[in-house]
Each structure stands twice: as structure tokens, then as C-alpha cells.
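Encoded as C-alpha cells, the structure appears first; notes follow it.
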Amino acid sequence: MTILITGGAGFIGSHVVRLLVEKYPNYHVVNLDALTYAGNLENLKDIEDKPNYTFVKGDITNEVFINNLFKKFKFEGVIHLAAESHVDRSIKDPLAFVKTNVIGTMILLNAFKNLWENDFENKLFYHISTDEVYGTLGQIGLFTETTSYDPNSPYSASKASSDHFVRAYGETYGMPYVITNCSNNYGQNQFPEKLIPLFINNIINNKLLPVYGDGNYTRDWLYVKDHAVAIDLVFHKGKNKETYNIGGFNEWKNIDLIKLLCLQMDEKLSRKKGSSERLITYVKDRPGHDLRYAIDASKINKELGWKPSVTFEEGLNKTIDWYLSNEDWLANVTSGEYQSYYEKQYG
Ligand code: NAD
Ligand code: TYD
């Protein structure tokens, strides 16, 4: 089987590529990535020479290129992760999110449909989405697969739109698909613009920790390798036209998570207890900031037997250790464009 993974040089994608390349030597895994600021081939150094792995640099919004790629490789399965993925960037440049997340997804859907329209048997388009499409929860309740879409940020609106197109291709053209909506991921190789790696990097460099608003926002955190395992499972066992929510059963208020992170960082860096916490600074809130995300992952648990394998404390420990022993990786990704992004976002 030849499968296409889009966005495989990014954070989650690189863990999915590694898992599939190593677990299925009989599959040919093609990783297509435009290598934007968020894509980094360093993430896949350890597997780049495997005979069942091919990297292709290219943009999912380039229709001619994508059509030719599908004709050349005849992908039987697609796992689509490529996206613009950061809410703060979507607030500054929403159109970039429409281009990649909506139009890019459409171009992939068309290429896949045109290739297999007369024989969809044993083919699958797997679209990776987010819990953010459901909007925000109040203090209670969980997102289930039947929660209505109610996106609040340009990022989540673009992901919601792409989810709808995937469903529409299933209904209209009979294209086999699955969609998963996952909660916040954390772990190694995450670009330091998202909360956890940003704060790890700032603590290492004794920089302020910018907490949006009062810090009483809640997210449900999942270790990235557990997400990759779920993706493998859904790709092989998920039912056609189904959606599965994936989450960590692990809700944290931002400020509590940040305090735990500070404590662990003080220990790891042998700094005086409380030194990292002193870097916390409350800054202007994110516009349209969703109060709370929390996933009911009982469907994927009951139907496919998936559950997270590590506790948050274990996962966070491993994550911090990885960043501390990969300072070159951090230094590379935080040079160049990162500096001007940081300046614009945080002043
Ligand atoms: P990421 O930003 O780390 O990686 C995205 C990858 O896509 C990068 O390698 C980038 O180079 C590539 N890419 C971007 N635009 C492209 C284009 N036009 N053509 C080809 N490649 C392009 O993102 P991530 O955090 O790994 O997220 C991956 C997917 O998972 C996204 O679809 C995201 O919406 C979804 N998701 C992420 C999270 C999370 O917490 N990170 C949670 C749920 C769902
Ligand atoms: P983030 O990692 O950007 O993920 P998402 O917005 O997709 O949930 O942010 C996680 C939470 O942390 C969110 O409530 C916003 C907050 N946050 C801060 O308080 N400060 C920051 O500098 C960042 C990047 C996020």
C-alpha cells in the first residue's frame, strides 16, 4: 500500500510518519510537506534513509503539482495533517488559513476523488481535525462527536470548513473518509509558539512567561505519541464516514499547568524553587479566546480500544527532558522568522 501523509515534517505529522514507517515495512509512506516555518526535516532524521519512506517537498495548494503527485504514486490512503495550526497566527493572517486549510484540503480531496472515483474499495481519505471546531465549553460538559460545530477563531473556522468538505465528498461522491477531532497535543518537536514549548524555551532563557488574560482557560492535553497511536488505529480500524474524538482525559487550567511546568523546570535546571514562577506575567487576552475544551473520548475507547498510555506528569517530564537535551533543535527553529513573529506577538 502506498500512503500519503501530508504535513509529515510538522509536530504531529513527524510522529505519525515515524510510527507508520517503522511499524509497516510493507507500506510505502510518502511524506508531502511544504516545509513552512513549522515543518522541519530534522524531526525525521532517524528514519530518512528507510527504504519504505519518501519525502516530497511541495505545497497542497498547488493543484497541478498535487494532481501529478497522485497520478504518479496512486495513493490508496491519505492521512491529511498539513495545515496552518496556530490560533494566534490565524488572528493576524486569516486568509493564509483559508488557503492552506480549506483550499489545500479541497485540492487533495479532488485529486483523491479523481484518481479513485470508479473504484473506492479499500481506499481511505483520513482527515485530521481539532476539537476547536466545536467552539467553547462552559465550566461543565464535554465535546462529543455529535456536538454542533461552533468555531470561534479563524483557525477553527478554517478547520471546520475543511471537515465539512470532507463529509460532503463522502455524501456526494461516495468517497470513503474518516475524521478525528483531537484535543491539544504536547510533546517533543512541537514548535515553540504553542503554550508548552514556548514556556519551556522562555524559562530556559529566563524570559517572561506571557499568560493570556487571567490564565483561567482550560485545555485537555494529550501526549503526541498517544495521538499518533490513535491515528494508526483509526486509519486501519475506523469505520467509513465516522468521526472519532480523541482526548487526554486530562483537563488543566492554563495557570495550574504553567505552575507545574515551572516547578519541574526549576528542578531540572537546578534553579531555586520559585525562580521560573517569577517569570509569569499576565498579558492582554487573546481575542475570541475559547474558555474551555474537554473531549469525551469514550467512542474511540469503546469501539477501537484506544486510551492514552502516559499520565500528564510523565508526558510533561519526557517533553521537558527532550527540549533540554535538544537545545540545538530549539536554537535552529527559534532563529530567523521566529524572532519577528515573537516581536509582533509579544512586543
Ligand atoms: P504543525 O504546524 O506543527 O505542522 C504543520 C505541517 O504542515 C508543517 O510541517 C508545515 O510545513 C506543513 N504545511 C503547512 N502548510 C502546508 C502546505 N500548504 N502544503 C504542505 N504542507 C504544509 O501542526 P501540528 O500541530 O503538527 O498539527 C497537524 C494537524 O493536526 C493539523 O491539521 C492540526 O489542525 C491538527 N491538530 C493539531 C493539534 C495540536 O495540538 N497541535 C490538535 C488537534 C489537531
Ligand atoms: P495554544 O498552545 O496556542 O493552543 P490553543 O490555543 O490551540 O488551545 O494555547 C493553549 C492555551 O494557552 C490557550 O488557552 C492560550 C494560552 N496561551 C497563553 O496564555 N500564552 C501564550 O503565549 C500562548 C501561546 C498560549
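Residues take their numbers from the sequence shown, with the count starting at 1. Whatever order the structure lists them in is the order used to number ligands and atoms, beginning at 1.
Of the heavy atoms in His86, none comes closer than 4.0 Å to ligand 1. Proximity of His86 to ligand 2, defined as any heavy-atom pair under 4.0 Å, is confined to the side chain (atoms from C-beta onward). For Asn254, every heavy-atom contact with ligand 2 shorter than 4.0 Å involves the side chain, none the backbone. Of the heavy atoms in Thr6, none comes closer than 4.0 Å to ligand 1. Residue Tyr293 touches ligand 2 through its side chain alone, judged by heavy-atom distances below 4.0 Å. Of the heavy atoms in Leu198, only side-chain atoms (C-beta onward) come closer than 4.0 Å to ligand 2. Contact annotation: for Asn184 versus ligand 2, heavy atoms closer than 4.0 Å belong to the side chain alone. The proximity of Ile60 to ligand 1, defined as any non-hydrogen pair under 4.0 Å, involves the side chain as well as the backbone.
Remark: the Asp163 side chain and the Ser129 side chain contain an N/O donor-acceptor pair separated by less than 3.5 Å. A donor and an acceptor atom, one from each side chain of Ser85 and Lys194, are located under 3.5 Å apart. Checking Ser298 against Asp296 by side-chain atom types alone, a donor-acceptor pair falls below 3.5 Å. Between Asn250 and Tyr223, the side chains place no donor N or O within less than 3.5 Å of an acceptor N or O (distance only, hydrogens not considered). When only modelled atom types and interatomic distance are considered, Asn189 and Trp322 share no side-chain donor-acceptor pair under 3.5 Å. Side-chain atoms of Tyr186 and Arg219 include no donor-acceptor pair closer than 3.5 Å. With no hydrogens or angles considered, no side-chain donor-acceptor pair links Tyr155 and Asn101 at under 3.5 Å. Inspection of the Asn201 and Lys207 side chains reveals no N or O donor paired with an N or O acceptor under 3.5 Å.
Looking from atom 26 (O) of ligand 1 to the surrounding protein, the closest heavy atom is Ile12 N, 2.8 Å. For atom 19 (O) of ligand 2, the closest non-hydrogen atom of the protein is Tyr212 N, 2.9 Å. Protein heavy atom at the shortest distance from atom 28 (C) of ligand 1 is Leu81 O, 3.5 Å. Here the protein heavy atom with the shortest distance to atom 20 (N) of ligand 2 is Pro210 O, 2.8 Å. Nearest to atom 5 (C) of ligand 1 among the protein's heavy atoms is Ala83 O, 3.5 Å. Here the protein heavy atom with the shortest distance to atom 8 (O) of ligand 2 is Arg219 NE, 2.7 Å. Ranking the protein heavy atoms by distance from atom 25 (O) of ligand 1 puts Phe11 CD2, 3.7 Å first. Taking atom 11 (O) of ligand 1 as the reference point, the nearest protein heavy-atom neighbour is Asp33 OD1, 2.5 Å.
Residue contact check for ligand 1: Gly104 places no non-hydrogen atom closer than 4.0 Å to it. Heavy-atom separations between Gly58 and ligand 1 include at least one value shorter than 4.0 Å. For the pair Ser14 and ligand 1, no heavy-atom separation below 4.0 Å is found.
Taking the six-membered ring for Trp and the full ring otherwise, Tyr126 and Tyr177 have centroids separated by 6.0 Å or more. Here the two rings, on His80 and Phe165, have centers that are 6.0 Å apart or farther. For Tyr37 and His86, the gap between ring centers reaches or exceeds 6.0 Å.
For ligand 1, the atoms sitting less than 4.0 Å from at least one non-hydrogen atom of Tyr155 are 33 (C), 34 (O), numbered in the order shown with element in parentheses. Taking a cut-off of under 4.0 Å to the non-hydrogen atoms of Ile128, the atoms of ligand 1 that pass are 30 (O), 32 (O). For ligand 1, the atoms lying closer than 4.0 Å to a non-hydrogen atom of Cys182 are 42 (C), 43 (C). For ligand 2 and Glu132, the ligand atoms under 4.0 Å from any heavy atom of the residue are 5 (P), 7 (O), 8 (O). Atoms of ligand 2 lying under 4.0 Å from at least one heavy atom of Val87, given by number and element, are 6 (O), 7 (O). In summary, the atoms of ligand 2 found under 4.0 Å from a heavy atom of Val211, numbered by their order in the structure, are 19 (O). Of all the atoms in ligand 1, the ones that sit under 4.0 Å from a non-hydrogen atom of Thr36 are 10 (C), 11 (O), 14 (C), 15 (N). Annotation for ligand 2: atoms under 4.0 Å from non-hydrogen atoms of Glu193 are 24 (C). For ligand 1, the atoms sitting less than 4.0 Å from at least one non-hydrogen atom of Leu35 are 11 (O), numbered in the order shown with element in parentheses. Per-residue contacts place Ser85 under 4.0 angstrom from the following atoms of ligand 1 (heavy atoms of the residue considered): 1 (P), 2 (O), 23 (O). Near His289, with a cut-off below 4.0 Å to any heavy atom, the atoms of ligand 2 are 13 (C), 14 (O), 15 (C). The distance from ligand 1 to the heavy atoms of Ser129 drops below 4.0 Å at these ligand atoms: 43 (C), 44 (C). Residue contact check: Asn184 has heavy atoms under 4.0 Å from atoms 40 (O) of ligand 1.
Ion pairing between Lys241 and Glu171 holds under the 4.0 Å rule for side-chain N and carboxylate O. The pair Lys302-Glu145 fails the salt-bridge criterion, with no side-chain N (NZ, NE, NH1 or NH2) lying under 4.0 Å from an Asp/Glu carboxylate O. A salt bridge is defined here as a Lys NZ or Arg NE, NH1 or NH2 lying under 4.0 Å from an Asp or Glu carboxylate O, and Lys123 with Asp119 meets this definition.
Ring geometry, His164 versus Tyr149: the interplanar angle falls from 30° to 60°, so the pair is classed tilted. Using cut-offs of 30° and 60° on the angle between ring planes, the pair Tyr212 and Tyr346 is parallel. Ring geometry for Tyr342 against Tyr338 counts as tilted: the plane angle lies between 30° and 60°, on a 0 to 90° scale.
Taking any N or O of Asn185, backbone or side chain, at least one lies under 3.5 Å from an N or O belonging to ligand 1. Ligand 2 has a nitrogen or oxygen under 3.5 angstrom from a nitrogen or oxygen of Tyr346. Polar contact with ligand 2: absent for Tyr217 (N/O pair, distance under 3.5 Å). The shortest N or O to N or O distance between Asp59 and ligand 1 is under 3.5 Å.
Between the side chain of Asn31 and the backbone N or O of Val17, no donor-acceptor pair lies under 3.5 Å. Side-chain atoms of Asp256 do not come within 3.5 Å of backbone N or O of Trp252 as any donor-acceptor pair.
Evaluation of the ring pair (Phe, Tyr, Trp, His ring centres under 6.0 Å) test over residues 279-304, restricted to residues two or more places apart or in two chains, returns Tyr217-His289.
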| Can Tyr169 and His127 be said to form a ring pair (Phe, Tyr, Trp, His ring centres under 6.0 Å), step by step? | CA-CA 12 Å; Tyr169 273 57; His127 180 60; over 10 Å; no
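Of all the listed residues (Asn202, Ile280, Leu195), Leu195 holds the heavy atom that lies closest to atom 2 (O) of ligand 2. Closest to atom 9 (O) of ligand 2 by heavy atom, among Gln190, Arg286, Gln345, is Arg286. Of all the listed residues (Lys194, Lys57, Lys159), Lys159 holds the heavy atom that lies closest to atom 32 (O) of ligand 1.
Side-chain contact between Glu251 and Leu142: present, with at least one pair of heavy atoms (C-beta onward) separated by less than 4.5 Å.
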